[in-house]
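In what follows, chains carry the letters A, B, and so on, assigned in the order in which the sequence lines appear, proteins first and then strands, with residues in each chain numbered from 1.
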Amino acid sequence: MPGAPPAGLLCELGPDGRALGTPAPVRDLAEAIAKYERSASRTVRWVWSSAAEHYPGLLSAGIRIGRCHDVALAEGLLLGREGRSSEPASLDAAWARLQGAPVPAGPARPEGRSAGGQDPLWADGPGAAAADAETTLGALIAVHADQLARIAADQYPARFALLVAAESAGGLAAAEMTFAGMPWRADVHDGLLAEMLGPRPPAAVAGARAAVPRRLAELAAEVCAALGVRSVNLDSPAQLTRALATAGVRVPSTRFSVLREIDHPAIAPLLEYKELSRLHAAHGWTWLDTWVRQGRFRPDYVVGGVVSGRWASRGGGALQIPKVLRRAVVADPGWALVVADAAQLEPRVLAALAGDHAFAQAAAEGDLYQALAGAFGGDRAKAKVALLSAMYGGAGGEAGQLLAVLRRRFPAASGYVEAAARAGEEGRVVRSVLGRTCPPPSAAWRAATEDPGDPEAGRDPGAGRASRARGRFTRNFVVQASAADWALVLLAAVRRRLAELPVSQAGRWHPHAPHLVFFQHDEILVHCPEAMAPSVAATVAEAAAEAGRAVFGDTPVRFPMTTAVVGCYADAK
DNA sequence: GGTCGGGGCGCG
DNA sequence: AAAGCGCGCCCCGACC
């Protein structure tokens, strides 16, 4: 019925996922959910097909939920562990697999907001009869029970269960962050653009290209004059390379790092042009018009969108916001931003992962690189290069020597990443600390690297390169993915603890309570009333300690957060 | 008219 | 000797 609140079907489940009693129809599903959330006598964990699909609607109705089991996210993790990450992870797909039926086509990688699709819990749309709701609920219960069994069958079931819980909490946090939005001052953004690019050019008339901002036109003219050419499209690497060649400058590419080394009058304006045109194209006035509404930037986050478990985003380049634009991220009047990022997260994660005693001691307090500097002649910069090379697989320049030092002084830590690299080179998979699994090698990779039957035939010349490239990937995966595990547990802990602060109300999305507004790999932003900022900062610190214990157990390694309470994101560091 | 891979660069 | 890890999005240019 148009205008009626969505009805639905609820069913309580036992610890093993079996239905307790019969499904109960409710007239107003949102209200029924809120009522469960408010009930003090028990903690509810909602089982649903996906938060990305269902939660935005609940939030719009003013309802916040505490915990869930997100079937799609869980399925993604399980498929990954089973070496089937290319298969679709939706409830429909999982149900089809469980029944041995043809699996509906769908995106293999997780998606954010779904464009449509059936709503298994409150199926009241056209064509969704009550019978369909029952069928869908049955599928949901069966798939969930199957997932619980598959989780329990993991080599480390408790850790994998934590991963599924944290991923599910991430799904909730992502929807809440989109709902709340990141405070964004369009006037400040516009002012920054005008300062750097010149005033906003008039909108393009139909059919014509938009006018180029004044500063970009000036810089392009300077470059042309210095190169002695009439005109060149600086946005075309091919054209630019040719124009540089006519001026006697031969470059292998037009990358910033290549051009920077060249002594020619065209280079300075060219580098400035590249920097500003990038800002204009990616985060200029068009971006502002497209993505900022009523003082908020609301990107879609894609939980688990990166193989390592990091989030991706869709639209607005939410995870690539240029640092200069942080000036536009300003707390509402009377509110503050608590900006917290994990200090030197990845090397600390490696220390905890490897159980390298000497390394872990260095990661116990303070500046990790400084603590390791002693092993590198007291040079902190060398310690940092050595660590980054170990985690990324680089060995250029003096990194090779520094790696040798690292290997001698911290054998367990370097051994950990070396073993991961070997596994990757040999085509095996590796896992994060909580059990997120990297994708298996592609068929093309296997074909390129397999041993030829005839020893005289020799290997494909690209085989070594492909093998080493995968080694670098798995070497980095164990660290990056374990860091993502920690960050996800941190996010879940912050989210839960914020909801326990006095101002919050169970079951309600409270617009005046502190809320997460941004999460970028190892950094979080909380928007909160000014007076609450100190308790929010303390909450984040407690959550970080909790995440360390939950993910790594008993370790001397600490995971300190650098936390700032500011009115503007740009002032955080 | 559209798609798609590459070059390039923003973030971690 | 040469090369480092993971993304999203812009523009270009080849191609259908």
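For Arg326(A), the side chain to side chain contact (heavy atoms under 4.5 Å, CB included) partners are Lys323(A), Gln520(A), Glu523(A), Tyr569(A), Ala570(A), Lys573(A), not counting sequence neighbours. Every residue two or more places apart in sequence or in another chain that forms a ring pair (Phe, Tyr, Trp, His ring centres under 6.0 Å) with Phe559(A) is listed here: Trp486(A), Phe552(A). Scanning for side chain to side chain contact (heavy atoms under 4.5 Å, CB included) contacts around Ala363(A) gives Arg348(A), Ala351(A), Leu368(A), Val557(A), with sequence neighbours left out. Residues satisfying the side chain to side chain contact (heavy atoms under 4.5 Å, CB included) test with Ala226(A), not counting sequence neighbours, are Pro265(A), Ala266(A). For His527(A), the ring pair (Phe, Tyr, Trp, His ring centres under 6.0 Å) partners two or more places apart in sequence, or in a different chain, are Trp335(A), His515(A).
Legend: side chain to side chain donor-acceptor pair (under 3.5 Å) pairs involving residues 220-243 of chain A, not counting sequence neighbours, sorted by first then second residue: Asp235(A)-Tyr273(A). Judged as a ring pair (Phe, Tyr, Trp, His ring centres under 6.0 Å), the pairs with a partner in residues 166-190 of chain A (not counting sequence neighbours) are, in order, Phe179(A)-Trp509(A), Trp184(A)-His189(A), Trp184(A)-Trp287(A), Trp184(A)-Phe297(A), His189(A)-Trp287(A). The ring pair (Phe, Tyr, Trp, His ring centres under 6.0 Å) analysis of residues 400-426 of chain A, with sequence neighbours excluded, yields the pairs Phe359(A)-Phe410(A). For residues 427-442 of chain A, the pairs satisfying side chain to side chain donor-acceptor pair (under 3.5 Å) are Asp154(A)-Arg431(A), Glu167(A)-Arg436(A), Glu426(A)-Arg428(A), Arg431(A)-Thr437(A), Ser432(A)-Asp485(A), with sequence neighbours left out.
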(request) Could you run through nucleotides 7-12 of chain B and give me one letter per nucleotide, 5' to 3': B if any protein heavy atom sits under 4.0 Å from the base, S if only the sugar-phosphate is that close, - if neither? (result) SBBBSB
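A salt bridge is absent between Glu418(A) and Arg422(A): the closest approach of a Lys/Arg side-chain nitrogen to an acidic carboxylate oxygen does not fall below 4.0 angstrom. Using a 4.0 Å cut-off between charged side-chain N and carboxylate O, Arg278(A) and Glu275(A) make no salt bridge.
Atoms CG (Asp300(A)) and P (dG8(C)) sit 13 Å apart, rounded to a whole Å. Going from atom CZ of Arg468(A) over to atom P of dA1(C) covers 14 Å, rounded to whole Å. Taking atom CH2 of Trp285(A) as the reference point, atom P of dC10(C) lies 17 Å away to the nearest angstrom. Between the CZ atom of Arg475(A) and the P atom of dA3(C) there is a distance of 17 Å, rounded to whole Å.
When the P atom is used for both dA3(C) and dG7(B), the distance is 14 Å, rounded to whole Å.
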(request) Return one dot-bracket line describing DNA chain C 5' to 3' (Watson-Crick or G-U wobble pairs, both distances under 3.5 Å; ( ) same strand, [ ] crossing, | another strand, . none). (result) ....||||||||||||
Which atoms of nucleotides 13-16 of chain C (N or O only) lie under 3.5 Å from a protein N or O atom, and what are those distances?
{"from": "dG13(C)", "atom 1": "OP1", "to": "Ser236(A)", "atom 2": "OG", "distance (Å)": "2.7"}
{"from": "dG13(C)", "atom 1": "OP1", "to": "Gln239(A)", "atom 2": "NE2", "distance (Å)": "3.4"}

